[in-house]
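I have placed the structure first, in the form of structure tokens, so that the comments after it can refer back to it.
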Amino acid sequence: MNFIANLCALIAAPRPLSAAERAAALTSFEDTLAVTYAGWGEASTAAARRVFAGATAPLLDGAKALSPEHAALIHGIAGHALDYDDVHLTSVTHPSVVLVPALMALTASRPDLTPRLIDAYAVGLGTNIALGQALGFGHYDRGWHATSTIGPLAGAAALAHLLGFDDSTTRSALALAAAQAGGVQQNFGTQAKHVQAGQAAAAALRAAQLAEAGVDGSQDIFGPRGFFDLYGGITPGTLPDHVAPDTLSVSRKLFPCCYLTHRMIAAALEARIALPDGVPNDARIMVQVPYGGMRPLQVTDPQTGAQAKFCAAYCVATALAQGRVGLADFKDDAVRRRDLRRIMAQVETIEDPLAGDMPIGIDHGSVRLRITAAGRTLAEAEAIHYPGAPDAPATPEAFEAKLTDCLTIWQHETGQTLTPASFRRDLRARFAPDMMTA
């Protein structure tokens with residue numbers, strides 16, 4: 001069978017999920033909605049809420065948007081506004097910030113579909129992974145924002161399962177989603193990046209609704225001169241033989257900044273232990289990363305908190321200076337701190353050259369950090385696994401702290417109290433009533 005046939009088979013009849021896979025999917029919803037609450041007051045979210053206010057589709061704060069499609073857009077923007085949402089290492093995407101808002105928007109208007117929601121999420125994530133493998137890292141390497149190129153198709157696949165499409169309608173939905181795939185890394189560090197994620201969620205819903213209404217599209221959007229040929233890099237990826245549902249392979253972010261900085265932060269936090277008196281003024285901080293590790297980190301002199309999320313030197317300096325990296329460190333005033341600016345000037349980054357074949361995703365090699373002064377080594381550290389990734393999962397305490405921080409911001413912005421316990425109870429009641437005792 002070819003790729004489109006494999007994919008349609010997954011969408012039509014995925015294998016049953018285990019209890020662990022269903023629990024992991026629910027955790028993805030918790031993580032995504034928590035950061036969406038935290039991003040509700042961000043300028044990009046507020047602007048979208050003003051522009052697309054209406055009286056049809058419910059939003060998190062009880063207000064309404066013009067339509068389910070606009071609700072998906074707004075929730076997607078809010079979920080990505082802080083760059084705190086989950087990541088998939090192979091596809092180099094933020095999958096849940098596309099899938100969850102699209103699924104939420106449709107089930108809010110059609111609650112009878114809710115029992116299929118968790119399986120639909122797993123189908124969407126499996127599709128996201130397969131598309132990432134097929135495009136390869138060369139797609140991201142060229143400058144595409146993979147979340148918003150792969151996301152519309154992954155979201156359309158999830159919605160096609162949710163709606164029980166037949167084979168032809170599913171193929172049309174994927175084709176309509178491919179026609180809306182876009183988003184560029186040039187927008188990283190700006191509010192447009194948030195919008196790109198929201199647009200991917202809205203595009204998925206738009207494609208599914210049009211296909212359901214009878215609008216047809218190519219029956220093999222992945223064929224010659226199709227999606228893979230147009231969006232692939234110079235070095236193609238590997239077309240998977242099998243497409244399967246997935247809920248276990250996403251990484252939960254523990255720091256609210258670009259995931260490519262997280263191993264740098266982990267190494268800096270480890271190195272800091274050897275520096276009880278802080279970083280000396282004459283120290284040299286060398287950070288060496290694998291090929292591709294600096295691709296989105298093009299900001300060297302951040303002027304805003306949003307830009308600082310994509311500045312390697314800032315994230316390393318923050319970890320070394322205070323032993324933690326949190327939401328407050330990406331406020332605009334934090335970026336101007338003199339102590340951080342001094343350490344930033346001492347940071348040098350080196351990216352390994354490409355050796356051999358193009359890597360698969362970003363989960364390869366390691367980040368090495370070395371601090372020297374006066375000809376001697378003061379501290380060394382290496383980070384192999386990404387914090388919060390499946391190989392180094394977030395502890396229950398760390399995840400709970402993240403939820404608490406996010407919900408505290410929501411309360412500050414809206415005056416609405418939401419504890420982690422009530423948040424989880426409400427989420428299960430809405431999206432997974434069969435797991436209310438979990």
Side-chain angles (χ1 to χ4, degrees), residues 28-29 31-54 56-87 93-106 108 124 128 144-152 154-156 158-159 177 180-207 253 256-259 296 304-307 309-310 327 330-332 406-407 409-410 413-414:
S28 291
F29 273 74
D31 189 37
T32 305
L33 286 174
V35 299
T36 302
Y37 277 115
W40 202 249
E42 293 296 302
S44 54
T45 310
R49 288 191 283 120
R50 289 195 305 271
V51 173
F52 301 116
T56 303
L59 296 173
L60 286 182
D61 62 354
K64 297 291 181 67
L66 283 172
S67 69
E69 184 181 316
H70 291 97
L73 171 69
I74 293 167
H75 288 146
I77 292 172
H80 202 49
L82 296 174
D83 222 298
Y84 213 2
D85 47 309
D86 66 25
V87 176
T93 59
H94 297 263
S96 296
V97 80
V98 177
L99 298 173
V100 171
L103 291 165
M104 278 176 54
L106 192 56
N128 188 96
W144 289 108
H145 182 200
T147 297
S148 48
T149 51
I150 292 173
L159 294 169
Q180 304 172 76
V184 294
Q185 292 174 30
Q186 191 64 242
N187 279 327
F188 286 12
T190 74
Q191 294 172 15
K193 182 176 190 282
H194 321 158
V195 174
Q196 288 176 176
Q199 285 175 331
L205 187 53
R206 185 182 307 123
K253 276 192 168 186
C257 45
C258 178
Y259 207 41
T304 66
Q307 291 176 356
K309 292 173 182 282
F310 298 90
L327 287 164
F330 297 96
K331 298 294 185 182
D332 290 349
C406 288
L407 298 178
I409 292 173
W410 164 263
E413 292 288 344
T414 66

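Because only heavy atoms are used, hydrogens play no part in the values below, and waters and symmetry mates are left out as well, while side chains stay in.
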Which atom of [X] lies closest to which atom of [Y], heavy atoms considered:
X      : Y      : result
Leu82  : Gly39  : CD1-N, 3.9 Å
Trp144 : Gly182 : CZ3-CA, 4.4 Å
Arg49  : Gly41  : NH2-CA, 4.4 Å
Gly183 : Ser148 : CA-OG, 3.3 Å
Ala156 : Ala204 : N-CB, 3.6 Å
Ala197 : Val98  : O-CG2, 4.0 Å

What is the distance from atom [atom1] of [X] to atom [atom2] of [Y], rounded to the nearest 0.5 Å?
X      : Y      : atom1 : atom2 : answer
Ser67  : Leu205 : OG    : CG    : 7.5 Å
Ile74  : Ser44  : CD1   : OG    : 11.0 Å
Cys406 : Leu33  : SG    : CG    : 11.0 Å
Arg206 : Leu73  : CZ    : CG    : 8.5 Å

With a 4.5 Å heavy-atom cut-off, do [X] and [Y] have their side chains touching?
X     : Y      : value
Asp83 : Phe330 : no
His94 : Tyr259 : no
Glu42 : Ile409 : no

### Donor on one side chain, acceptor on other, Ser96 and Asp86, under 3.5 Å
yes

### Query
Under 3.5 Å, is there a donor-acceptor pair linking the side chains of Asn128 and Thr93?
yes

### Task
Would you kindly check if the NZ (Lys) or CZ (Arg) of Lys193 is within the cone defined by 45 degrees around the ring axis of Phe188 and under 6.0 Å from the six-membered ring centre?
yes

### Task
Please assess Asn187 against His145 for the test side chain to side chain contact (heavy atoms under 4.5 Å, CB included), listing each intermediate value before the final yes or no.
CA-CA 9 Å; Asn187 279 327; His145 182 200; over 6 Å; no

Under the 3.5 angstrom rule, does the side chain of [X] hit a backbone N or O of [Y] as a donor-acceptor pair?
X      : Y      : answer
His75  : Ala71  : yes
Lys253 : Val87  : no
Asp332 : Thr304 : no
Thr149 : Ala181 : no

### Task
Take Asp85 and Thr32 through the test side chain to side chain contact (heavy atoms under 4.5 Å, CB included) and record every step on the way to the result.
CA-CA 6 Å; Asp85 47 309; Thr32 305; 5.5 Å; no

#### Entry: Criterion side chain to side chain contact (heavy atoms under 4.5 Å, CB included) on His70 and Thr56, from CA distance to verdict
CA-CA 10 Å; His70 291 97; Thr56 303; over 6 Å; no

### Task
Assess whether side chain to side chain contact (heavy atoms under 4.5 Å, CB included) is satisfied between Thr414 and Tyr37, documenting all intermediate values.
CA-CA 10 Å; Thr414 66; Tyr37 277 115; over 6 Å; no

### Task
Give me the ring orientation class for His194 and His80: parallel if the planes are under 30° apart, tilted from 30 to 60°, perpendicular past 60°.
perpendicular

